[in-house]
Amino acid sequence: MNKKTENLLELVNSIKEIIRRDHLDNWFDVYPWLTGQLGNINSPVWFIGENPSLSGVKRVDRRSVDKTENLQWNSHNGDRLFREALSESGLKHGLPRSNEGWDCYITNAIKEPEIVSQRNKKKRDRNYLENQAKRWMPVLQEQIDIGRPKVLVALGGQAEKILKYMIKIGLKAPKIEKIHHYSYIMKRPEAGTRRGPGHPDRILEFKNSVKEIASNNYVNNSKYCIRQVKDIVREIDNPPEGPLWIRDTAENHYPFPISLDVGNGKVIDITPEIDRMLYSLSKSVMDTCFDANKSDFTDSEWGRMVKQAFGMALVNQDNELSMEEVAEVILKSVTGKLRDWIDNIPEREYVFGCYLCNVHDLEPLSMGPVRFEPRLAWLERTYGNSSLSKVSLLRIQRSWRGERLRERKGSRDAMCETKILDAIGKSDFVCSVAVSKMGSEAGSQKALTAARLATAVISLAWERPSSALDVITLPFDRQSYLQDYLVAIPGRPCGWQSSRSYISGGVTWLKKDDWAKLRTDFDEIFHCAGEVIKCFIYGKNSVSQPKILNALFRAILWFHEGCREQVDSIAIVKFCSSMEALADGNRVEGIQDLIKARLALKDEDKHLKRIKKIYTKGRSQTIHGKSDQLGQYGSNTRNYAESLARLCLRACLQWTVEYDGRDDPKCFSKLRMRLV
């Protein structure tokens with residue numbers, strides 16, 4: 001019997017003793033799985049609920065075949081939200097609904113299940129709650145003495161009230177923090193607001209509160225990292241009998257063997273559980289030692305890096321060292337290798353073909369790290385940087401002149417030539433994005449987002465930006481192809497229609513002088529957009545007003561998505577979200593304040609009333625699934641929302657260039673310096 005099972009039996013026996021002593025109904029006779037605890041008791045983070053809901057216990061027991069302890073906190077939408085939040089914060093690994101990968105512990109202050117409505121009536125008598133607290137405090141104290149948690153997180157105000165009373169009468173416990181109860185988020189409207197049950201913002205806030213708990217008390221702790229390393233080493237030193245991959249395949253854990261590279265071409269087999277533990281370690285190492293690099297790597301590539309560094313650090317350990325010392329040496333080696341790898345990542349550009357305009361000798365246009373230039377100019381620049389051979393330079397130039405190329409022998413240079421022709425394709429321009437020291441996956445994702453932001457800012461020069469973005473685009477995002485569909489009318493021959501997915505070639509209706517004027521008129525806006533993109537790619541320390549620039553980033557991103565959206569009602573949602581980002585998330589009232597502060601509009605009251613109607617019925621009801629008027633908000637309303645979002649975005653970009661005050665997005669709406 002392992003230690004975990006021993007602890008569980010001891011605690012269950014303690015609960016049964018109180019049931020016998022106080023002549024309570026023994027719920028274990030009917031629900032033996034209702035142990036009142038779940039997860040890793042040795043975790044530093046514990047979540048404490050008030051007590052089990054008897055109606056919920058009956059419901060989940062009735063519909064479940066497997067009667068295990070995992071039925072606890074695994075019944076309704078609130079439970080699912082709770083488990084998702086634990087998984088996303090790194091406090092649980094594996095599937096949220098599974099009983100594995102626990103890096104936290106869940107229990108109740110009061111172990112006795114009751115019908116919620118009946119319990120609420122009993123709680124009107126203060127003595128009832130105090131007597132329950134006195135009854136069950138010894139069991140909670142026993143749990144705390146076994147696990148020695150770092151923090152108790154009260155799930156809701158009632159749990160916090162009980163815990164504080166227990167401490168008052170003698171409970172020896174660590175610090176207490178409180179978050180909302182997950183059932184309150186999913187089942188009850190928020191007091192004082194119009195946000196109902198399951199509101200997306202409330203769900204996000206709940207998940208963020210759990211992430212904050214994890215960051216402050218759990219993974220941001222080098223001692224915990226050492227403890228994780230010790231657990232992994234113990235698992236590796238004590239593998240199960242037989243070839244691991246045979247057992248794992250038979251039990252459908254993994255369809256292929258899992259190995260850990262330990263250097264010099266050698267590998268060792270590991271179990272799926274060890275693989276999950278290494279992933280958990282990667283998140284802890286990131287939060288503890290590399291917080292500044294969080295946005296520079298995707299979770300998957302950072303996990304691979306930590307796994308590789310761990311394997312290299314695992315070999316050649318001194319057998320004379322204690323397990324604690326071995327873990328410290330391994331962790332130090334892992335963090336050292338990761339720092340070396342990060343320091344040696346070269347700065348680079350991600351390059352995409354781009355349809356911009358018909359002026360092929362356009363001067364390069366830069367927005368911070370993003371650069372638009374004719375493809376021939378980019379080719380010459382790349383050759384000048386020694387990133388391209390003379391042979392490839394000449395062959396690519398000939399190909400772009402329409403000449404047929406002879407096939408080359410296979411080589412890296414030949415492959416590079418082919419990939420350049422494939423990536424840029426028929427587009428006459430190139431969009432290149434310079435990134436800092438970051439992983440290749442994160443770098444490519446950020447570069448693509450930056451390129452899209454830049455095209456959205458260019459489109460602001462037109463009355464209908466969405467029309468401009470139909471032609472200013474990256475071939476990477478969409479290819480031009482013929483779309484066919486059929487039209488069937490009863491009693492008539494089947495018909496058909498065709499259209500193009502989009503027309504490539506960029507803006508073809510302007511002259512070179514028009515582009516020059518656009519560059520002059522938008523010079524300050526392009527400069528501000530460059531700072532927005534710089535903040536996004538290089539981080540908040542690279543700019544002077546990161547909060548304002550982050551608000552602009554979100555606004556431009558939503559605006560771009562709105563312009564590209566095919567469904568009118570969803571496009572309206574995205575344009576409203578763009579304005580809401582500039583209003584610092586203050587919903588319709590904030591958007592109205594933004595319009596009054598930044599725009600000089602005729603019939604202002606009429607516009608304010610119209611945006612309120614669009615926001616409440618066209619945006620909010622669409623998001624919350626309550627709108628029965630989607631058909632009433634078609635292209636005319638979409639065009640209006642797009643036009644208003646464009647004006648707000650242009651005004652805020654222009655205003656930011658001239659503003660040097662407090663770094664607070666609320667200033668967009670509060671400082672009334674009107675721009676026409």
Side-chain angles (χ1 to χ4, degrees), residues 200-201 204 367 449-470 472 522 525-526 528-529 531-533 535-536 545 547-599 601 607-608 610-624 633 635-656 664-670 675:
D201 292 342
L204 179 60
M367 287 187 217
T449 301
R452 293 164 183 154
L453 292 176
T455 59
V457 173
I458 293 174
S459 75
L460 294 174
W462 283 269
E463 292 290 335
R464 286 284 308 281
S466 55
S467 297
L469 281 179
D470 279 341
I472 300 174
F522 268 66
I525 289 178
F526 289 157
C528 184
E531 290 295 295
V532 172
I533 297 171
C535 180
F536 167 62
Q545 296 175 317
K547 293 181 180 179
I548 286 177
L549 296 177
N550 183 56
L552 286 168
F553 164 78
R554 289 182 281 113
I556 299 171
L557 188 60
W558 276 117
F559 185 81
H560 174 270
E561 295 304 302
C563 288
R564 292 288 301 274
E565 177 59 54
Q566 297 295 313
V567 180
D568 288 339
S569 58
I570 304 302
I572 291 168
V573 170
K574 294 177 178 180
F575 288 129
C576 287
S577 297
S578 176
M579 291 183 281
E580 192 172 6
L582 297 173
D584 198 34
N586 289 326
R587 298 191 283 274
V588 64
E589 294 82 4
I591 295 176
Q592 290 176 323
D593 289 340
L594 174 73
I595 291 171
K596 288 187 285 188
R598 297 272 69 82
L599 303 179
L601 297 174
H607 288 285
L608 296 179
R610 188 172 182 185
I611 195 61
K612 181 177 182 179
K613 182 177 180 181
I614 290 174
Y615 185 92
T616 54
K617 296 185 179 297
R619 182 265 190 197
S620 296
Q621 292 188 12
T622 299
I623 286 180
H624 304 311
Y633 298 97
S635 58
N636 289 336
T637 304
R638 172 186 179 147
N639 293 343
Y640 176 79
E642 177 182 342
S643 176
L644 203 58
R646 167 183 174 263
L647 291 174
C648 289
L649 192 50
R650 280 187 58 167
C652 289
L653 284 165
Q654 182 73 48
W655 177 84
T656 302
D664 185 355
K666 292 184 175 64
C667 294
F668 285 140
S669 303
K670 291 184 177 180
L675 300 174

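For reference, positions follow the sequence shown, starting with 1.
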Applying side-chain contact (heavy atoms from CB on, under 4.5 Å), run through Ile614 and Thr637 and close with a yes or a no. CA-CA 8 Å; Ile614 290 174; Thr637 304; 3.8 Å; yes
When you look at Trp558 and Glu580, which way does the side-chain contact (heavy atoms from CB on, under 4.5 Å) test go after all the steps? CA-CA 10 Å; Trp558 276 117; Glu580 192 172 6; over 6 Å; no
Intermediate values then yes/no, side-chain contact (heavy atoms from CB on, under 4.5 Å), Phe575 and Cys563: CA-CA 8 Å; Phe575 288 129; Cys563 288; 4.0 Å; yes
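No side-chain heavy atom of Ile611 sits less than 4.5 Å from a side-chain heavy atom of His607. Between Leu552 and Phe536, the closest side-chain pair of non-hydrogen atoms is not below 4.5 Å. Between Leu204 and Pro200, the closest side-chain pair of non-hydrogen atoms is not below 4.5 Å. You'll find the side chain of Lys547 stays beyond 4.5 Å of the side chain of Asp664, heavy atoms only.
In this structure, Arg598 is not positioned above the aromatic face of Phe668 in the sense of NZ or CZ being under 6.0 Å from the six-membered ring centre and within 45° of the axis.
Across every non-hydrogen atom of Leu549 and Glu531, the tightest pair is CD1-O, 3.7 Å. Here the closest heavy-atom approach between residue Gly562 and residue Ala571 is recorded as O-CB, 3.7 Å.
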Throw together a table of side-chain donor-acceptor distances under 3.5 angstrom for residues 453-465, partners on residues two or more places apart or in other chains.
from, atom 1, to, atom 2, distance (Å)
Thr455, OG1, Arg452, O, 2.7
Ser459, OG, Ala456, O, 2.6
Arg464, NH2, Ser466, OG, 3.3

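Distance check, rounded to the nearest 0.5 Å: CG of Leu649 to CG of Leu653 gives 5.0 Å. Expressed to the nearest 0.5 Å, how far NZ of Lys670 lies from CG of Asp593 amounts to 9.0 Å. Interatomic distance, Ile533 CD1 to Ile556 CD1, rounded to the nearest 0.5 Å: 7.0 Å. Atom CD1 of Ile570 sits about 10.5 Å away from atom CZ of Arg638, to the nearest 0.5 Å. The distance from atom CG of Leu644 to atom SG of Cys576, rounded to the nearest 0.5 Å, is 9.0 Å. Going from atom CZ of Phe522 over to atom CD of Gln654 covers 9.0 Å, rounded to the nearest 0.5 Å.
Partners of Cys648 according to the side chain to side chain contact (heavy atoms under 4.5 Å, CB included) rule, which considers only residues two or more places apart in sequence or in another chain, are Met579, Leu582, Leu594, Ile595, Leu599. Every residue two or more places apart in sequence or in another chain that forms a side chain to side chain contact (heavy atoms under 4.5 Å, CB included) with Glu561 is listed here: Lys574.
Side-chain atoms of Ser577 come within 3.5 Å of backbone atoms of Val573 as a donor-acceptor pair (strictly under, hydrogens ignored). When atom types are taken as modelled, the side chain of Asn586 and the backbone of Ala583 share a donor-acceptor pair closer than 3.5 angstrom.
Defined by atom type and a distance below 3.5 Å, a donor-acceptor pair is missing between the side-chain atoms of Tyr615 and Gln592.
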